[in-house]
Q: 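Next up is a structure, given as structure tokens.
The first residue in the sequence is number 1, and the count goes up from there.
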Amino acid sequence: MNGYQVNFYTLQNRKHHHQPISEWLVDKAQMMGIRGATVLQGDESFGSDGRIHAARFFEQAEQPMIVVMVMTDEQCERFFELIRSSELKVFYSKTPVE
């Protein structure tokens with residue numbers, strides 16, 4: 001299979017339509033027939049705003065989350081169309097894989 005590995009970066013407390021973004025991404029991927037998704041919890045990160053987000057803070061709602069998916073070209077196009085049409089704002093990286 002040739003396609004893409006897509007990593008979506010978010011925080012535990014970020015929501016889209018009252019659902020955590022990581023859960024929303026996994027649910028939609030499964031609905032679309034993407035064969036797998038993995039959610040990873042990070043210890044610490046910082047974003048474009050320079051703020052530190054970490055699991056060690058008293059309020060763990062800002063724990064970094066990464067959702068990893070490997071998908072075909074067609075699945076990738078369809079998935080990003082769904083993201084655009086739902087107006088989800090999420091940072092991602094996309095790498096060709098085989």
Q: Which pairs with one or both residues in residues 63-72 pass salt bridge (Lys or Arg N to Asp or Glu O under 4.0 Å), sequence neighbours excluded?
A: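 Non-adjacent pairs meeting salt bridge (Lys or Arg N to Asp or Glu O under 4.0 Å): zero.
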Q: Just checking Tyr92: does its OH atom have more than 12 heavy atoms from other residues, nucleotides or ligands closer to it than 6.0 angstrom?
A: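 Open.
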Q: Return the OG1 to NE2 distance between Thr10 and His16, rounded to the nearest 0.5 Å.
A: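 It comes to 11.0 Å.
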Q: Under 4.5 Å between side-chain heavy atoms, counting indirect links through other Ile/Leu/Val/Met/Phe/Trp/Tyr residues: same cluster for Val90 and Val6 or not?
A: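 Both belong to a single hydrophobic cluster.
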Q: Should Val97 and Val70 count as side-chain neighbours, where that means a heavy-atom distance under 4.5 Å?
A: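 They are in contact (side-chain heavy atoms under 4.5 Å apart), so the answer is yes.
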Q: Can you list, pair by pair, the side-chain donor-acceptor contacts under 3.5 Å of residues 18-37, counting residues two or more places apart and other chains?
A:
from, atom 1, to, atom 2, distance (Å)
Gln19, NE2, Asp27, OD2, 2.6

Q: Hey, does Tyr4 have a side-chain heavy atom less than 4.5 Å from the side chain of Gln75?
A: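 They are not in contact (no side-chain heavy atoms under 4.5 Å apart), so the answer is no.
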Q: Applying side chain to side chain contact (heavy atoms under 4.5 Å, CB included), run through Leu88 and Phe8 and close with a yes or a no.
A: CA-CA 12 Å; Leu88 173 62; Phe8 295 96; over 6 Å; no
Q: Just by distance, with hydrogens left out, do Asn7 and Gln5 show a side-chain donor and acceptor under 3.5 Å apart?
A: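 Looking only at side-chain atoms, Gln5 and Asn7 do form a donor-acceptor pair, the distance falling under 3.5 Å.
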Q: Test of understanding: clusters of I, L, V, M, F, W, Y form through side-chain heavy atoms closer than 4.5 Å, transitively. Do Phe91 and Ile66 belong to the same one?
A: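 Same cluster: Phe91 reaches Ile66 through Ile, Leu, Val, Met, Phe, Trp or Tyr contacts under 4.5 Å.
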Q: Any side-chain heavy atom of Ser93 within less than 4.5 Å of one from Tyr9?
A: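 Ser93 vs Tyr9: side chains touch.
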Q: Can you tell me how far CZ of Arg78 sits from CD1 of Ile83, rounded to the nearest 0.5 angstrom?
A: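 The CZ atom of Arg78 is 12.5 Å from CD1 of Ile83, to the nearest 0.5 Å.
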Q: Can you confirm whether Leu40 sits close enough to Met65 that some side-chain heavy atom of one is under 4.5 Å from a side-chain heavy atom of the other?
A: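 Result no, sub-4.5 Å side-chain heavy-atom pair not found.
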Q: Restricting to pairs with a member in residues 79-96, which pass salt bridge (Lys or Arg N to Asp or Glu O under 4.0 Å), not counting sequence neighbours?
A: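 Non-adjacent pairs meeting salt bridge (Lys or Arg N to Asp or Glu O under 4.0 Å): Glu81-Arg84.
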